[in-house]
Each structure stands twice: as structure tokens, then as C-alpha cells.
Amino acid sequence: MLKPQKRLCDKIWVDGELIDWDDANVHMSSHVLHYGSSVFEGIRAYNVGGTTKVFHLDAHVDRLYDSAKIYRMEIPYTKDQFKDAIMNCIKVNKFEACYIRPIVFRNVGAMGVNPFPASICCAILTWIWGAYLGKEAVEEGVDICVATWSRMHANTHAGIAKAGGNYLNSQLMKMEAITNGYVEAIALQTNGYIAEGSGENLFMVGKRWGTKHPTIFTPPLSASILSGITRASVIQLASDIGMEVVEQTLPREALYVCDELFFTGTAAEITPIKSVDRIPVGPGKRGPITKRLQEELFGILKGEKPDVHHWLTPVN
Ligand SMILES: Cc1ncc(COP(=O)(O)O)c(C=O)c1O
């Protein structure tokens, strides 16, 4: 038996029970291994001024259930039971702040593509995960490229679903980026317009044609992107500071002439981008609007600013 991955937490919730890390294994015949049949979430809990709080618990659980519905997986728990299980996992593992990975997958009972005979397994892992794109990235920004791989076209994979199989496309992008010396890649849609990063949504700051006022742009949900929960939060925070976010189809070349560019995501939080394809973004460092939005978001997550939109749920 292979040694499992280094222990990241003590207990993993599996189908209603908290079990030891070493016992949380799947069988080789599991449908998910062969056909990518899983849906999952990525959630963060923060130490908010001394209290552990989960960011956007409801929205993440809603998205998990939507993903499962699209792939016709029945989760045998109510959303409230699932939320309780998430909270319990954080508590028993004694984390003050952590990343949370609920996953629902097709387990054993089917060797063919037809997934229906396979049982459904639900699990929740938790671990400590620092800055996803590097420690310095949050201030200094990252160097990225445009991937030669496109994002899935509409009506191929279900883009709204956060499904394991979608991340084969993400892995192609990510491997291309890393192999060529970049931290991350942006994929275009099959029509050539900008979609998103391998695990992040994308925002751009530039002047709207014919005006002098900086505007924040982001590709629309129809651009083969995941409907990011951080993306929605940043749109709200921008509005709170009096800036409009325009959801608009964006051409690749806008990446090279915009003033600021940044990623958003649960893992990446808000990460500035300092170059694309070796072309500096603006002056090649984090821009003032990116910084301001980081201050707004991180202020709430540290408990230094009030959580006026009720995005945080205390673990107790
Ligand atoms: C492909 C992709 N896009 C965007 C995001 C950002 O979504 P969220 O802010 O909900 O984490 C993620 C992360 O889950 C992702 O994997």
C-alpha cells in the first residue's frame, strides 16, 4: 500500500463520520478516478480578530449543490447538515484559519462511463494553505502568460459546475505556464476573447474608450468562466468604494495595454498581475485600485473593517 499524502489534518469528514487522515482512502475502481466524476468547493476560514470565521459559507454550499445537481449527483444531506459538518471539521482539527475542500464524487459500483450505478461519496478536507500564487505575490504581483489552450466552449463541459473534470483543462494551462517560467496562465475562450485563469477570475483596470476615468472590467459569466464568489465580492467592494465594474467581452490585446490587472479567487484572494507574456502591466507593479480593493477585502477578513455584507460566519 502506498503511503498517503503527507498528513494535512487529523480528521476528514467522510459520509457523516469523522475519520483519521490515514483511513480516508478510495478504491482503484472508484468512478471518479477513471472519469473525473467529482464536484467540489474551495472555501477559506480566517482568523478574524481572534475568532475563526468562514467566508461566504452559504454561497459555497449553494454552488456545491448546484454543481452536484448539474451532474445529477444526489447529496444525501441537507445544506444545513453539510454546513454543520464543515464547521465541525474546522473545530475538530483545531484550525484558527484554514482552507476547506468539500468534495462529492462517484465512488464504486460502475466501471463504464454510465455513472448512475456508482455510489456517491461526500467528504470534507481541511488544511492550512497560505498565499496560493506565492508569498510575495499579494504585494508584488505575478508574471503570467496567455495559454495556448482555450477554456471549454459552452455546452461542452458544464462551466457553471465546479467539477473535477474541468480542471484537466486548468492543468494543461498551468503546466504550460510553469514549464515556460510563469506562475499562472490566462485562457481565452474558443472565440479568442479573454476567459479566466486556471483557478482564478480576472479583473482589468483601464480607461473606458473616450474617457479619462479608470474603470474596472471583468469578463461576463458567459465567457466560459466559473462564477467566482470572490469575483462577486470584488464587484460589491468596488461599488462600495464608488467604482463601477463593467462585465464585458475583452480582447486579448487589452491585457497588454491596461493599467492594472489582478486575479480573484478563494485560493488566490486578490493577486496583482505584473506582466503578461513578458509585457509589463502598467508600470509593472501592483496598481492603486488593486491595492485599495485588497485593503477593503483583507480589512474585512482581518476584522479591521466591519463585515457590512455579512459574508463571514463564526465557527461556533
Ligand atoms: C477556474 C476557476 N475560476 C475562478 C475561480 C474563483 O472562484 P472563487 O472566487 O469562488 O473561489 C476558481 C476557484 O475556485 C476557479 O477554479
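Only a predicted model underlies this, so the values are computations on that prediction, with no experimental measurement involved. The analysis underlying the following values was restricted to heavy atoms, covering all of them including side chains, and did not include hydrogens, waters or symmetry mates. One-based numbering, in listed order, for ligands and for the atoms of each.
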(request) Establish whether Ile273 and Val138 are linked, either directly or via other cluster members, by ILVMFWY side-chain heavy-atom contacts under 4.5 Å. (result) no
(message) Is any side-chain heavy atom of Leu202 closer than 4.5 Å to one of Ile194?
(response) yes
(request) Classify the ring geometry between Trp311 and His56 as parallel (under 30°), tilted (30 to 60°) or perpendicular (over 60°). (result) tilted
(request) Mind jotting down which residue pairs meet the ring pair (Phe, Tyr, Trp, His ring centres under 6.0 Å) criterion with at least one end in residues 143-168? Sequence neighbours excluded, please. (result) Phe40-Tyr167
(message) Under 6.0 Å from the ring centre and within 45 degrees of the ring axis: does the NZ or CZ of Lys79 meet both conditions for the six-membered ring of Tyr65?
(response) yes
(message) Can a side-chain donor-acceptor contact be found between Ser239 and Glu244 if the only test is distance below 3.5 angstrom?
(response) no
(request) Return the protein residues near ligand 1 (heavy atom under 4.0 Å from any of its atoms), ordered by chain and residue number. (result) Arg63, Arg151, Lys162, Tyr167, Glu196, Ser198, Gly199, Glu200, Asn201, Leu226, Gly228, Ile229, Thr230, Thr264, Gly265, Thr266
